Q: 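Before I ask anything, here is the structure I am working with.
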Amino acid sequence: MQIAGIGKGLLRCFPGHGALYRLLLRIGPLRSAPTRPLDRGICPHHHPQALAAAYHLTPLAAEPERFVLYRILGNDLPPRHRLGQTQDNLRFILEHEPELDSCEKRFVVNRIVLPREENAILRLLEDAGRPYLHIPFNGDEYRCLHWDREGVPEAYLPDGSGFAALAPAERWRVLMRLYRHKNIYVMHNNGARNAALQEGRRLAKWVLPWDGSCFVTAAGWKSLLLAVQQQPAIPYFIVPMARALDNSSLLNRDVQFDAREEPQVVFRRDALQAFDEDYYYGRRSKVELLWRLGVPGEWDNWRLEPWDLPAPAYAEDAGQFAWAGWVARLNSGHPQLEKNSALSRFHRPLARMTAVIGLLDALDASLGAACPRLGTSWAEVV
């Protein structure tokens with residue numbers, strides 16, 4: 001009998017023991033897959049002198065260090081965000097963020113599904129004279145999308161023998177994988193990041209395809225700019241991020257922030273990598289690139305679950321990065337979710353998952369999506 005079959009039998013005898021079943025799957029059919037990114041081995045080492053020598057032979061070395069910064073503005077996702085928070089944060093950026101030396105600011109208006117919210121954001125940008133890339137939401141395209149059933153082992157589907165044995169957070173993560181194609185279309189975060197990269201590479205030597213809530217202080221930018229000017233042969237810079245509990249605190253030049261959150265990435269125009277558009281919002285869409293580049297962090301120890309996309313191999317230019325500056329993340333509208341505490345770190349992903357699935361369910365209902373639910377009420381299974 002196969003290990004997976006044994007696992008199903010054990011679940012019938014010991015309901016609620018999802019950890020036992022996951023272990024059996026890991027040592028059975030999935031035993032060759034890494035269970036965490038560190039299992040891939042050590043990141044390849046690059047030689048700074050060789051990197052610098054190759055860079056100085058290129059025409060790019062003669063160009064000044066010019067930057068283009070994009071902020072990607074997407075859908076508010078209650079209860080993770082407050083409705084209207086994207087507008088408020090954009091307004092705060094436009095009114096209070098300093099001009100950045102050698103940098104042009106641009107924005108991406110990214111598949112916002114509520115016309116009134118989209119129109120308000122477009123008006124703010126136009127009134128401020130800020131260039132933007134507009135990626136509209138198309139209901140006809142969305143209607144054609146289907147579930148990613150193939151991405152979830154059969155036993156873990158909502159009607160499978162293993163689903164009831166999972167913890168509530170794991171059930172939500174299974175549902176997020178099932179909604180992957182819809183999520184990728186509507187949230188479109190890696191798609192928008194790549195669109196910014198594509199346009200930005202025509203405009204500047206360095207491209208910053210950053211999240212919409214990023215706010216750059218004068219001190220943070222000065223530190224970033226200095227690091228790039230000192231090491232222009234390095235194609236990627238990793239920028240630590242700090243969460244702001246109160247946006248107005250960023251106006252105090254003397255305030256200190258602990259920048260330990262998931263970082264943003266700066267790309268030199270000729271950098272080889274981009275974002276993987278198979279990865280979806282809420283499940284390591286930016287971290288997948290950090291894994292490829294070998295950027296160390298807590299994400300190296302994050303477990304890969306049976307319904308996760310596999311950890312990528314190291315890229316050919318892995319290790320060719322340096323740390324630079326810092327950036328703030330503006331408040332989401334729910335300060336209790338922004339605190340640097342174990343409780344907030346637990347509740348943030350749950351709020352994000354319920355928000356994403358709630359929005360997609362509402363779109364399915366309003367647009368008459370071609371792909372019906374899986375024959376199970378989500379309220380019953382979560």
Side-chain angles (χ1 to χ4, degrees), residues 68-100 103-142 182-200 203 207-216 241 243-244 246-248 250-251 264 275 280-282 285-286 327-335 337-338 351-352 355-356 358-360 362-363 366-367:
V68 57
L69 166 61
Y70 288 86
R71 256 70 65 94
I72 297 166
L73 308 171
N75 292 289
D76 293 319
L77 294 169
R80 177 61 188 92
H81 311 130
R82 179 178 58 77
L83 188 61
Q85 193 64 36
T86 298
Q87 281 189 60
D88 290 347
N89 283 346
L90 174 59
R91 191 176 292 108
F92 186 86
I93 290 170
L94 295 174
E95 292 176 358
H96 297 293
E97 188 177 71
E99 290 302 314
L100 307 176
C103 182
E104 179 185 4
K105 298 179 187 179
R106 290 178 171 245
F107 294 83
V108 181
V109 181
N110 184 36
R111 288 191 180 156
I112 297 176
V113 302
L114 294 177
R116 67 177 181 274
E117 294 294 321
E118 182 180 60
N119 291 336
I121 287 169
L122 292 173
R123 281 198 302 272
L124 283 171
L125 293 172
E126 289 168 0
D127 290 347
R130 293 295 184 183
Y132 60 85
L133 179 63
H134 185 198
I135 304 175
F137 172 76
N138 185 312
D140 291 333
E141 292 175 347
Y142 178 80
K182 297 168 182 279
N183 182 335
I184 287 171
Y185 183 82
V186 177
M187 303 301 112
H188 196 239
N189 55 348
N190 277 356
R193 288 165 178 157
N194 285 339
L197 266 176
Q198 182 177 4
E199 181 182 86
L203 301 174
V207 188
L208 292 66
W210 286 6
D211 297 344
S213 57
C214 287
F215 182 92
V216 186
M241 189 165 65
R243 291 184 184 273
D246 179 359
N247 290 351
S248 64
L250 293 163
L251 305 181
Q264 304 293 315
F275 295 92
Y280 51 102
Y281 174 78
S285 56
K286 189 189 321 130
V327 62
R329 185 181 191 89
L330 297 174
N331 198 282
S332 66
H334 295 293
L337 294 176
E338 301 300 328
R352 186 183 299 119
V356 169
L359 173 60
L360 298 176
L363 283 172
S366 65
L367 296 173

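Small disclaimer: the values here were computed from a predicted structure and weren't measured.
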Q: Counting N and O atoms only, with roles assigned by atom type, does the side chain of N110 sit under 3.5 Å from a partner on the main chain of H188, one being a donor and the other an acceptor?
A: yes
Q: Run L197 and Y70 through side chain to side chain contact (heavy atoms under 4.5 Å, CB included) and show every step you take.
A: CA-CA 9 Å; L197 266 176; Y70 288 86; over 6 Å; no
Q: Once rounded to the nearest 0.5 Å, what's the spacing between atom CZ of R329 and atom CH2 of W210?
A: 12.5 Å
Q: First locate atom CG of L69, then atom SG of C214, and finally report the distance between them rounded to the nearest 0.5 Å.
A: 8.0 Å
Q: About how many Å separate CG of N75 and CG of N189, when rounded to the nearest 0.5 Å?
A: 11.0 Å
Q: How many angstroms lie between OH in Y281 and CG in N183, if you round to the nearest 0.5 Å?
A: 9.0 Å
Q: With a 4.5 Å limit on heavy-atom distance, are the side chains of N247 and F215 in contact?
A: no
Q: Of the non-hydrogen atoms in A355 and P78, which two are nearest, and what is the gap between them?
A: CB-O, 3.4 Å
Q: Testing the basics here: between I112 and F137, what is the closest heavy-atom pair and its distance to 0.1 Å?
A: O-CB, 4.0 Å
Q: Tell me whether N138 contacts the main-chain N or O of D140 through its side chain, where contact means a donor paired with an acceptor under 3.5 Å.
A: yes
Q: Going by the angle between their ring planes, with limits at 30° and 60°, are H96 and F92 parallel, tilted or perpendicular?
A: tilted
Q: Whether the S213 and D211 side chains hold a donor-acceptor pair (N or O, under 3.5 Å, no angle test) is what I'd like checked.
A: no
Q: How about R111 and Y185: do any of their side-chain heavy atoms sit closer than 4.5 Å?
A: yes
Q: Given side chains that start at C-beta, do those of F107 and L94 come closer than 4.5 Å, heavy atoms only?
A: yes
Q: So does V68 get a backbone contact from the side chain of E104, meaning a donor-acceptor N/O pair under 3.5 Å?
A: no
Q: Write down the atom of A195, the atom of L133, and the distance for their closest heavy-atom approach.
A: CB-CD2, 3.8 Å
Q: Would L203 and R106 count as a side chain to side chain contact (heavy atoms under 4.5 Å, CB included) if you check the C-alpha gap in whole Å, the side-chain angles of each, and the deciding distance to 0.1 Å?
A: CA-CA 11 Å; L203 301 174; R106 290 178 171 245; 3.5 Å; yes
Q: With rounding to the nearest 0.5 angstrom, report the CG to OG1 distance, L114 to T86.
A: 10.5 Å
Q: Find out whether L330 and L250 are in side-chain contact, i.e. whether some heavy atom of one side chain is under 4.5 Å from a heavy atom of the other.
A: yes
Q: How about Q198: does its CD atom have over 12 heavy atoms from other parts shown lying under 6.0 Å from it?
A: no
Q: On a heavy-atom basis, which atom in Q87 and which in L124 lie closest, and how many Å separate them?
A: O-CD1, 3.9 Å
Q: Could you give me the CA-CA distance, side-chain angles and deciding distance for R193 and I72, then say whether side chain to side chain contact (heavy atoms under 4.5 Å, CB included) is met?
A: CA-CA 7 Å; R193 288 165 178 157; I72 297 166; 3.4 Å; yes
Q: Can you see which heavy atom on N331 is nearest to which on A244, and at what distance?
A: ND2-O, 3.4 Å
Q: With the side chain counted from C-beta on, respond yes when L122 and V109 share a heavy-atom pair under 4.5 Å apart, and no when they do not.
A: yes
Q: Using the rule given for side chain to side chain contact (heavy atoms under 4.5 Å, CB included), can you reason through K105 versus I93, listing the C-alpha separation, both sets of side-chain angles and the distance that settles it, and then say yes or no?
A: CA-CA 11 Å; K105 298 179 187 179; I93 290 170; 5.6 Å; no
Q: Looking only at non-hydrogen atoms, find the nearest pair between G84 and D76 and report the distance.
A: N-OD2, 2.8 Å
Q: Side chains of R71 and R130: does their closest heavy-atom pair fall under 4.5 Å?
A: no
Q: Report yes if some heavy atom in the side chain of I121 is under 4.5 Å from a heavy atom in the side chain of Y132; otherwise report no.
A: no
Q: Would you say L360 and Y142 make side-chain contact, with heavy atoms under 4.5 Å?
A: yes
Q: Is a donor on one side and an acceptor on the other found under 3.5 Å between the side chain of N190 and the backbone of S285?
A: yes
